[in-house]
S.K.: 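I have a structure I would like to understand better, so I am pasting it below and will then ask my questions one at a time.
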Amino acid sequence: AQSVTQLGSHVSVSEGALVLLRCNYSSSVPPYLFWYVQYPNQGLQLLLKYTTGATLVKGINGFEAEFKKSETSFHLTKPSAHMSDAAEYFCAVTSSGGYQKVTFGTGTKLQVIP
Amino acid sequence: EPEVTQTPSHQVTQMGQEVILRCVPISNHLYFYWYRQILGQKVEFLVSFYNNEISEKSEIFDDQFSVERPDGSNFTLKIRSTKLEDSAMYFCASSLILTGETDTQYFGPGTRLTVL
């Protein structure tokens with residue numbers, strides 16, 4: 001079984017400040033990890049993903065995440081928050097090898113304060 | 001860029017009625033999925049579908065639910081007799097899975113189902 005834990009259901013940052021959204025996973029097999037973003041009243045948009053290879057992955061809108069196997073973490077960061085980053089962010093996990101369902105975390109709502 | 005589309009964007013129905021939620025996956029994708037998100041909760045897997053068969057379903061996906069790919073482009077989720085607790089956002093997703101690989105699931109914008 002796989003699971004994802006997102007620490008902090010709500011995170012507030014000032015515009016221009018560092019964004020750090022935490023995600024820890026549990027998986028008995030090598031995981032594939034994703035961050036999705038959901039803007040109000042919209043669907044899920046893929047921000048970035050880790051499958052294999054380089055552990056630091058870059059995504060859209062200046063976000064990046066680092067896969068740390070020893071810490072079972074996949075935290076999402078952005079050096080400088082923008083007002084348009086206000087949304088809900090979901091960390092998700094699946095496993096390699098053909099089709100696999102995606103297991104989502106509970107989400108973190110990011111508020112950006114002007 | 002190809003995208004998954006879903007119709008309608010919002011469906012309101014009376015308890016006990018049947019609803020069909022429609023999805024058009026990305027055209028060359030082979031695996032199709034339904035997820036749901038009850039307001040304020042996390043996104044939950046319902047069912048996956050490949051080669052005209054259900055590959056996996058969750059405990060949520062009981063006999064009230066069914067999926068179908070009626071033609072070469074649409075993928076539908078039917079709820080036979082809706083309950084109040086079926087009120088949620090329903091997301092369709094699709095992926096192109098190469099042999100031995102896992103590919104990204106691309107999600108549609110969702111259908112918000114409200115059961116009164």
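Numbered from 1 within each chain, the chains take letters A, B, ... in sequence-line order.
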S.K.: Is it the side chain or the backbone of B:Glu3 that comes within 4.5 Å of chain A heavy atoms, both, or neither?
M.R.: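 When you check distances to chain A, no heavy atom of B:Glu3 falls under 4.5 Å.
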S.K.: Salt bridge (Lys or Arg N to Asp or Glu O under 4.0 Å): which pairs involve residues 37-50 of chain B, sequence neighbours left out?
M.R.: B:Arg36-B:Glu44
S.K.: Could you measure the distance from the OG atom of B:Ser58 to the NZ atom of A:Lys101? Nearest 0.5 Å is fine.
M.R.: 7.0 Å
S.K.: If hydrophobic clusters are built from ILVMFWY residues whose side chains come within less than 4.5 Å, do B:Val19 and B:Met15 share one?
M.R.: yes
S.K.: Honestly curious: do A:Val11 and A:Tyr36 fall in one hydrophobic cluster under the side-chain, below-4.5 Å linking rule?
M.R.: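 Per the 4.5 Å side-chain linkage, A:Val11 and A:Tyr36 are not co-clustered.
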S.K.: From the options B:Tyr106, B:Phe91, B:Tyr35, select the one residue that forms a side chain to side chain contact (heavy atoms under 4.5 Å, CB included) with A:Leu44.
M.R.: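 It is B:Phe91; the other options fail the test.
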S.K.: Count the heavy atoms belonging to other residues, nucleotides or ligands that lie under 6.0 Å from CG of B:Asn28, then report whether that count exceeds 12.
M.R.: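 Counting neighbours around CG of B:Asn28, more than 12 heavy atoms of other residues, nucleotides or ligands fall under 6.0 Å, so yes.
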S.K.: Any chance you could measure A:Leu46, atom CG, to B:Gln105, atom CD, to the nearest 0.5 Å?
M.R.: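 Here the rounded value is 10.5 Å.
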S.K.: Output all residues satisfying salt bridge (charged side-chain N to carboxylate O under 4.0 Å, His left out) with A:Glu64, sequence neighbours left out; order by chain, then residue number.
M.R.: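 Partners of A:Glu64 by the salt bridge (charged side-chain N to carboxylate O under 4.0 Å, His left out) criterion, ordered by chain and then number, come out as A:Lys58.
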S.K.: State, yes or no, whether a side-chain contact exists between A:Phe104 and B:Gln41 at a heavy-atom distance under 4.5 Å.
M.R.: no
S.K.: Are A:Val4 and A:Leu110 linked, directly or through intermediate hydrophobic residues, by side-chain heavy-atom contacts shorter than 4.5 Å (ILVMFWY only)?
M.R.: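 Yes, it is one cluster - the side chains of A:Leu110 and A:Val4 are joined through contacts under 4.5 Å.
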S.K.: Kindly write out the residues that satisfy side chain to side chain contact (heavy atoms under 4.5 Å, CB included) with B:Pro8, not counting sequence neighbours, or none if the list is empty.
M.R.: B:Gln11, B:Thr111
S.K.: Heavy-atom distance under 4.5 Å to chain B: side chain of A:Gln38, backbone, both or neither?
M.R.: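 Only the side chain of A:Gln38 comes within 4.5 Å of chain B.
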S.K.: Would you say B:Leu39 has more than 12 foreign heavy atoms packed within less than 6.0 Å of its CG?
M.R.: no
S.K.: Please determine whether residues A:Tyr50 and A:Tyr25 belong to a single hydrophobic cluster, defined as Ile, Leu, Val, Met, Phe, Trp and Tyr linked transitively by side-chain heavy-atom distances below 4.5 Å.
M.R.: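 Same cluster.
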S.K.: What residues of residues 74-84 of chain B sit under 4.5 Å from chain A when only non-hydrogen atoms are counted?
M.R.: none
